[in-house]
Amino acid sequence: MSSPTNITPIDELAGAVPDGAKVAVPADYAGVSMAATRALIRRRVRSLHLVGVPTSGLQAELLIGAGCVTTLESSALTLGEYGPAPRFTKAVRDGSIRLIDATCPAIHAGLQASQKGTPFIPLRGILGSDILKNHPDWKVIQNPFAEDDDPIVAIPAIRPDIALFHAPLADRDGNVWLGRKRELVNMTHASKTAFVTVDAISETSLFETEEMAAGVLPALYVGKIAVAPNGSWPLPFWNGAQGDDSHMRRYMEMAASDSGFEDYLEQFVFGESAMA
Amino acid sequence: MSSPTNITPIDELAGAVPDGAKVAVPADYAGVSMAATRALIRRRVRSLHLVGVPTSGLQAELLIGAGCVTTLESSALTLGEYGPAPRFTKAVRDGSIRLIDATCPAIHAGLQASQKGTPFIPLRGILGSDILKNHPDWKVIQNPFAEDDDPIVAIPAIRPDIALFHAPLADRDGNVWLGRKRELVNMTHASKTAFVTVDAISETSLFETEEMAAGVLPALYVGKIAVAPNGSWPLPFWNGAQGDDSHMRRYMEMAASDSGFEDYLEQFVFGESAMA
Amino acid sequence: MTVADEKKALICLIAGLLRDCNHVAVGAASPIPGAAALLAKAAWGSPKHVNILGSVANNFFTGGGGELFDCAAQGRIDAFFLGGGQIDGKANINLMGLGDYPKSSPRWPGTFGSAYLYFLIPKVILFREEHSRRTLVEKVDFISAPGTSADHIYRKGGPFGLITSKAFFRFDKDKERFRLVSVHPTSSLEDILDNTGFHFDYSEDTPETPSPDPELLAILDRDVRQKVAEVYPNFADAIFPMTSGVEHVK
Amino acid sequence: MTVADEKKALICLIAGLLRDCNHVAVGAASPIPGAAALLAKAAWGSPKHVNILGSVANNFFTGGGGELFDCAAQGRIDAFFLGGGQIDGKANINLMGLGDYPKSSPRWPGTFGSAYLYFLIPKVILFREEHSRRTLVEKVDFISAPGTSADHIYRKGGPFGLITSKAFFRFDKDKERFRLVSVHPTSSLEDILDNTGFHFDYSEDTPETPSPDPELLAILDRDVRQKVAEVYPNFADAIFPMTSGVEHVK
């Protein structure tokens, strides 16, 4: 339905992410575009407002370490079993990034509010938590349908400029297949556009069967697509590779120091060929 | 994951719908269980509160005509090109059913509120419409995030007792495949349980491939399943049959009079074998 | 002019109004607007996205029945069509019925998504073929969706104009009135004045609606008929001769 | 008692707490609770539904990352597990970090869904193996999710109890305090009192945590090890000898 012109090289995709953009990214298990992350660091993007949907991991860690991030809005930044994320930990200690700490369903609700074009969605829970005390955007309102005192948290819409993620397939019309990772659909609907890296291009339409169609993000919502086989490396991919355990261990060692992290970037980001 | 005991004959499925139940049903194009509708009339169910998601058609028309419905909550009742629904038209003129007239996105929003366990979702539009003036449940509130006067309609949660629909497939674990008809997922999540008729039972798990899994409603949400091949007859089915045009024309003729409608029920509902 | 020619002229007229759109959504029961959207896409590649709701093959939504409404609220639908059993001079539409609600007589199907989409889609084209004092009234019996809203009401869209079998009106949001743009060749200003139940602005020398561009008509007959036939088979049978043999024509 | 035996005893203890549940959801990074849920399902067919989040093969959600939270709010999840860098005597948990937020040092990952799920899932089991004055404190530095709420706050769920490598506590909602239920065989009341930073209720003759039922242990070793190995391979390697040859065992 759209012309194939939105399939671009990955560095062009990264080049189209403006400094200061609000970028929504998925959790480490849902299809993170690490290939685009490295391309963003190579293009030396600045002042990103990252939204972890609902959390982030290595992607935010690298971008924070490389000085690309002003604000991290997320429910967590975790490297899982590898332990505390060294660059994130340092940035928090130094106060060098602004934190908007949320809770997972509130990130989803904020995106759904944007998706519905409504100013907010009220959400149960959260009351009495220190994340409510510290969150700059949430408001406690009275449930208008309750007769008694019934406070509820109103979560305002989160509208990212770009949803950025990795998926198995796109077709020549610009449709993307993402299976049951519907948080990617929600974050895309909520965002002004989506930039997607894919393992491969399908030469037949993803709408050809209803089985495939059920997992399609339509081209209408997709701004740019770049082919990046195994583009979530070194993270695992739900529809493909296992995580690269030895690389992650190497990262943890190198990122323990400022200079080690610089070496890591030099070797694995600026010298991307090392990946192959 | 669940035992196969929730696969039952269709008359047992209908028998498990209590009088007075609030039942959510899809629009005529999304997979209506006409087989279960006939079984409900046979079991002489009474006082249903039907929720058309977001509209209804022949299903509501038959149930209203057969005296099974107390309240119709919907954005429309339409038989499409066949013209005004005769039994519905008569019931409205006689004032014999209670109408809760809504607009499609408000039905979806009310179900989503229930799905999220939140008391309401605010929605743009609607202001100045006579459906707002007449709706018993909606409230106009001030957008708490706006500094100026900014009224918005708060749509309270709609929580049906049962979501009732037709789908292509279920598996032995009780999972149901419904492709990209995600309004069925939303209405099921919003309801206390789901009763589903299917064309066939899959002997392999619907979770076997990610392609199929993307269109699955998990067994957790499904209360009862009955096999009813071509169960949306005489309506069309998105994953199968065309509508039965000559039967629809026959219905329109017969239902034009009270006695003709009684004959229709006798012939096609109480004498179900006529279907085969 | 045959009935088929009149309908093709309406299709071409509407297609021209969709040329500045990226995404047009059309109901499955709206063959003329649907054919117009498919024609505009074929002729100019614009709109780029045409979504026929309720269809399986020509509907690219994958998020369920709510996606249309969310998509509109996101500002991603540029044009849509609404009709009405009654349409009044302030562009209010009535899809509910005549008489005292809730005991309407006759009762029509209901409001569908109109009370929402009318607020959120920039270019809503009112389309109602029947042009009579029965359909075009001074004041509707029931406001399914209001044509205008006070300034403080959040409203991103609304009525662009009204197309009937006799004429094309634009809606002036500031004046809250329709203005007659052109009269179709089968009608006349006098006919319009006789058969319109609401007041509207016009000039005595209102032009005739231009005949469709022959090239556009040719594209409709040649390139779009097959597509129209896929989505609206009965309608295609009525306006294209020999539709049943359409496979052989291509 | 080997480390593997201790972990198996915890699995069996937790499994017994899930027997009255229909649906238990577990995080992908929670092998002991996950193994317990799988064991309970295998032993008693109850819980009927076990959902391992973040896994592909053992996660039956199809609605995206938000489904867990919606499902909890619908009342469809009966039990869940939360941990915490700090847990205090009022069952408040801290997943955020130590010191003055936002300049936490150390900073932990963050709150995840705890601030929501703790309110909505009836049986939230706090599970933290490390039992020390560092983890079990009088008052947490940051409340990621509060253990209790005032009466007018909508709250359908909350803390059921706390399980550590040393003991099992139940939480008394009315008193807003933990009560020591049993002490694991590797510990003692004195050890508990020495290593717990919050005040709690106990009796001097608090019983020892019963040893796992041999039959349940047998089911774990025989029927559940393969399943556990699929979901938590590293963990399975640690507690089951010869896990890599597990295919041959069956």
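Order of the sequence lines sets the chain letters (A, B, ...), proteins ahead of strands, with each chain counted from 1. Heavy atoms only: backbone and side chains are in, while hydrogens, waters and symmetry mates are out.
- Between chain C and the options B/Gly215, B/Ala76, B/Pro54, heavy-atom pairs under 4.5 Å are most frequent for B/Ala76.
- The contact between B/Asn134 and chain C is made entirely by side chain atoms (from C-beta outward), counting heavy-atom distances below 4.5 Å.
- Side-chain atoms of C/Arg107 and B/Pro84, non-hydrogen and from C-beta on, never get closer than 4.5 Å to each other.
- Residue C/Ile153 holds its CD1 atom at 12.0 Å from CD1 of B/Ile126, rounded to the nearest 0.5 Å.
- At a threshold of 4.5 Å between non-hydrogen side-chain atoms, the residues C/Tyr116 and B/Leu123 count as touching.
- In this structure, chain B has a heavy atom under 4.5 Å from the backbone of C/Ser114, while its side chain stays farther away.
- Residues B/Glu81 and C/Asn234 form a side-chain contact, since some pair of their non-hydrogen atoms from C-beta on lies under 4.5 Å apart.
- Ranked by non-hydrogen atom pairs under 4.5 Å with chain C, the options B/His108, B/Lys133, B/Arg124 are led by B/Arg124.
- Of the residues considered (C/Tyr118, C/Phe69, C/Trp108), C/Phe69 shows the highest number of contacts with chain B, using heavy-atom pairs under 4.5 Å.
- Interatomic distance, OH of B/Tyr29 versus CG of C/Asn59, reported as 9.0 Å (0.5 Å rounding).
- Panel note: side chain B/Ser129, backbone C/Ile143; a donor-acceptor pair is recorded below 3.5 Å.
- Interface remark: of the candidates B/Leu127, B/Asp101, B/Leu99, B/Leu77, B/Asp101 forms the most heavy-atom pairs closer than 4.5 Å to chain C.
- Across every non-hydrogen atom of B/Glu183 and C/Gly64, the tightest pair is OE1-CA, 3.1 Å.
- To the nearest 0.5 Å, atom CD1 of residue B/Ile131 and atom CZ of residue C/Phe142 are 6.5 Å apart.
- Surrounding CZ of C/Arg133 are more than 12 heavy atoms belonging to other residues, nucleotides or ligands, all under 6.0 Å away.
- Per-residue counts of heavy-atom pairs under 4.5 Å with chain C were compared for B/Arg182, B/Lys181, B/Gln112, B/Arg98; the largest is that of B/Arg182.
- Scored by the side-chain contact (heavy atoms from CB on, under 4.5 Å) test, B/Thr78 finds C/Pro109, C/Phe112 as partners (sequence neighbours excluded).
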